[in-house]
Amino acid sequence: MVIYFKSEVVSPPFTLYMGVDKHENEDLIKYGFPEDVWFHVDKLSSAHVYLRLHKGMSMEDIPPDVLEDCAQLVKANSIQGCKMNNVGIVYTPWANLKKTGDMAVGQVGFFRQKQVITIKVEKKNNEIMNRLNKTREDRDVDLREEKERRDRQEREVEKRAKKEQMKQDRVNLKQKQEQDELRSYTSLMQNDKMTSNQDMDSDASDDFM
């Protein structure tokens, strides 16, 4: 079971999601998308909350209000963190999550610590949580199939883009060849004209002798 929320403070809205328990978190870690950003309460147990970025976005492009929604959601889903003020929230790209065989269920590390950002949540914002909870949707999702479908679509997009690029390259090459031929023809005509003028000058000189 995966729990989905919508952050509708911007348009188009963003999708937030999290697992129901640590076992579900294992699948979320395994089958996340490259455009996902992972959120967790720093140094405390909490839900693993993911934000799915829009196409072409980076983590630095997350709107501040959306970032606040993510931070509030992960704080509210921490048994200890929800009762505390000034809670640290860490977030990082999904691709930076490191999972090794000796880690406990639901536990993760990071490949690059410099890609991990920490922010502070001063206190719980009930208004934000009420808004997010109104969008809540619990779904049984085959995360593996969803990831494979996403990857297939991505490969198709890349394949079409490559095909279009090859087509454009052929057009560019043809235009270049035509321009080269035109320049060569123009140069040949100019040379022929110069030769013809020289012949005329020579004939004129003979007449005056």
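Everything numeric in this text was worked out from a predicted model, so none of it was measured.
Counting only heavy atoms from C-beta outward, the side chains of Q165 and D169 approach each other to under 4.5 Å. A 4.5 Å side-chain heavy-atom check between H40 and I89 finds every atom pair outside the cut-off. R150 places a side-chain heavy atom less than 4.5 Å from the side chain of P34. L44 places a side-chain heavy atom less than 4.5 Å from the side chain of M84. No side-chain heavy atom of C70 sits less than 4.5 Å from a side-chain heavy atom of F14. In this structure, the side chains of I3 and E137 stay at 4.5 Å or more apart for every pair of heavy atoms.
A distance of 12.0 Å separates NZ of K124 from CG of N85, quoted to the nearest 0.5 Å. Taken to the nearest 0.5 Å, the CD atom of Q115 stands 5.5 Å off from the OG1 atom of T92. With rounding to the nearest 0.5 Å, the separation of CG in N126 from CE in M129 is 9.0 Å. Going from atom CZ of R155 over to atom NZ of K162 covers 14.0 Å, rounded to the nearest 0.5 Å. Put simply, OG on S7 and CZ on R52 are 15.0 Å apart, with the number rounded to the nearest 0.5 Å.
Here V90 is tied into one hydrophobic group with V2, Y4, Y17, L28, I29, Y31, W38, Y50, W94, L97, V108, F110, V116, V141, L143, each link being a pair of ILVMFWY side chains closer than 4.5 Å.
Summarising the geometry of S78 relative to V41, their closest heavy-atom pair is CB-CG2, 3.7 Å, with the distance given to 0.1 Å. Taking all atoms of both residues into account, the shortest heavy-atom contact from V121 to A71 is CG2-CB, 3.5 Å. Nearest approach of G19 to E24, heavy atoms of both residues: CA-CG, 3.5 Å. Between M18 and A47, the closest heavy-atom pair is SD-CB, 3.8 Å. Minimum interatomic distance between I62 and L67 (heavy atoms only, all atoms of both residues): CG2-N, 3.9 Å. Taking each heavy atom of L132 and K6 in turn, the nearest pair found is CD2-O, 3.5 Å.
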(request) Would you please test K55 and E35 for side-chain contact (heavy atoms from CB on, under 4.5 Å) and show each step? (result) CA-CA 8 Å; K55 191 79 172 178; E35 52 267 33; over 6 Å; no
(request) Starting from the C-alpha separation in whole Å, work towards a yes-or-no answer on side-chain contact (heavy atoms from CB on, under 4.5 Å) for V37 and L53. (result) CA-CA 7 Å; V37 179; L53 300 180; 3.8 Å; yes
(message) Between R131 and D69, is the side-chain contact (heavy atoms from CB on, under 4.5 Å) condition met? List the steps.
(response) CA-CA 10 Å; R131 171 169 49 77; D69 280 3; 2.9 Å; yes
(request) Decide yes or no on salt bridge (Lys or Arg N to Asp or Glu O under 4.0 Å) for K147 and E154, but give the supporting numbers first. (result) CA-CA 10 Å; K147 175 68 179 297; E154 190 73 12; over 6 Å; no
(message) Would R144 and E148 count as a salt bridge (Lys or Arg N to Asp or Glu O under 4.0 Å) here? Give the steps.
(response) CA-CA 6 Å; R144 178 177 180 177; E148 290 176 350; 3.3 Å; yes
(request) Please report the C-alpha distance between I79 and S45 in whole Å, then the side-chain angles of each, then the deciding distance to 0.1 Å, and finally whether the side-chain contact (heavy atoms from CB on, under 4.5 Å) criterion is met. (result) CA-CA 7 Å; I79 295 175; S45 176; 5.9 Å; no
(request) Check step by step if salt bridge (Lys or Arg N to Asp or Glu O under 4.0 Å) holds for K99 and E26. (result) CA-CA 9 Å; K99 182 72 180 181; E26 285 293 301; 2.8 Å; yes
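Looking at D36, its side chain does come within 3.5 Å of a backbone N or O of F33 through a donor-acceptor pair. A donor-acceptor pair under 3.5 Å links the side-chain atoms of Q72 to the main chain of N125, judged by distance alone. Under the 3.5 Å distance criterion, the side-chain polar atoms of N133 are left unmatched by any main-chain donor or acceptor of N130. No donor-acceptor pair closer than 3.5 Å links the side chain of H48 to the backbone N or O of Q107. Here the side chain of K98 pairs no donor or acceptor atom with the backbone of F111 at under 3.5 angstrom.
The ring pair (Phe, Tyr, Trp, His ring centres under 6.0 Å) analysis of residues 128-178, with sequence neighbours excluded, yields no pairs.
Ion pairing between E145 and R149 holds under the 4.0 Å rule for side-chain N and carboxylate O.
Remark: M1 CE is packed, more than 12 non-hydrogen atoms of other residues, nucleotides or ligands lying under 6.0 Å away.
Using a 30° and 60° split on the angle between ring planes, Y91 and F39 fall in the parallel class, below 30°.
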